[in-house]
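Keep in mind that this is a model prediction, so the values were computed, not measured. For the numbers below, each heavy atom of this structure counts, side chains included, while hydrogens, waters and symmetry mates do not.
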Amino acid sequence: MRWCGAPETFEQLSAMLDDARQKVYASVRDSYALGTTAMAVIIVRRATHSPIGTLSVAGPTMRLSDDRMNEILPWLKSSARELEAASSSSPIFAP
């Protein structure tokens, strides 16, 4: 089932990706289920700048407003950087 927040065309998807690149995080509302919001940041391998995962937060839209996402974002980014640093010593993430 398609929800109102999900992109329906390639152009909409492309615009969402451009927005995520500019903000350095991605966010969606009502994409998976009505009344839900999620945001995510990328985790990269520092040596190659290759993506190795994401870190996300999701919740009810009424609790995950734009203001709340702006408050959470620094913590999310910081946690992603810690995972990037830890991944460099893990054989699971070896190049």
Side-chain angles (χ1 to χ4, degrees):
M1 178 174 282
R2 191 178 324 174
W3 299 103
C4 58
E8 296 183 24
T9 65
F10 178 78
E11 289 78 16
Q12 290 173 340
L13 176 60
S14 182
M16 288 178 77
L17 292 173
D18 288 343
D19 184 53
R21 286 183 189 106
Q22 289 176 5
K23 294 186 307 188
V24 195
Y25 74 95
S27 63
V28 293
R29 278 188 173 69
D30 301 325
S31 181
Y32 179 72
L34 291 175
T36 61
T37 295
M39 62 187 298
V41 295
I42 193 167
I43 302 169
V44 298
R45 181 177 294 118
R46 289 183 174 178
T48 62
H49 301 286
S50 301
I52 57 174
T54 60
L55 186 59
S56 65
V57 174
T61 299
M62 63 184 286
R63 295 193 65 204
L64 201 51
S65 64
D66 286 340
D67 288 341
R68 183 67 175 141
M69 285 195 292
N70 288 330
E71 186 179 331
I72 292 170
L73 184 58
W75 301 329
L76 198 60
K77 286 180 176 180
S78 176
S79 297
R81 301 304 79 87
E82 288 181 35
L83 290 169
E84 288 172 2
S87 71
S88 65
S89 63
S90 172
I92 295 172
F93 297 109

Where do Ile52 and Ser87 come nearest, in terms of heavy atoms and distance? CD1-OG, 3.4 Å
Out of curiosity, does Val57 fall in the hydrophobic cluster containing Ile43 (side-chain heavy atoms, cut-off under 4.5 Å, transitive links)? yes
Give the cluster check for Leu83 versus Ile42: same hydrophobic cluster or not, with ILVMFWY residues linked at side-chain heavy-atom distances below 4.5 Å. no
Leu76 vs Tyr25 side-chain heavy atoms within contact, under 4.5 Å: no
Show your working on side-chain contact (heavy atoms from CB on, under 4.5 Å) between Val41 and Leu73 and close with a plain yes or no. CA-CA 9 Å; Val41 295; Leu73 184 58; 4.0 Å; yes
Looking only at heavy atoms, which two atoms of Ser27 and Met69 are closest? And how far apart? CB-SD, 4.1 Å
Name each donor-acceptor pair under 3.5 Å that joins a side chain in residues 13-21 to protein atoms two or more places apart or in another chain, with its distance.
unit_1 : atom_1 : unit_2 : atom_2 : d
Asp18  : OD1    : Arg21  : NH1    : 3.2
Asp19  : OD2    : Lys23  : NZ     : 3.1

Please report the closest heavy-atom contact between Arg81 and Glu84, naming both atoms and the distance. NH2-OE2, 2.9 Å
Side chain to side chain donor-acceptor pair (under 3.5 Å) partners of residues 50-67, not counting sequence neighbours, each pair once: Arg29-Asp66, Thr37-Thr61, Thr48-Ser50
Quick one: are Arg68 and Met62 in side-chain contact, heavy atoms under 4.5 Å? no
With clusters built from Ile, Leu, Val, Met, Phe, Trp and Tyr whose side-chain heavy atoms come within less than 4.5 Å, directly or transitively, what are the remaining members of the cluster of Val24, listed by chain and number? none
Tightest non-hydrogen contact, residues Leu55 and Ser79, listed as CD2-CB, 3.5 Å
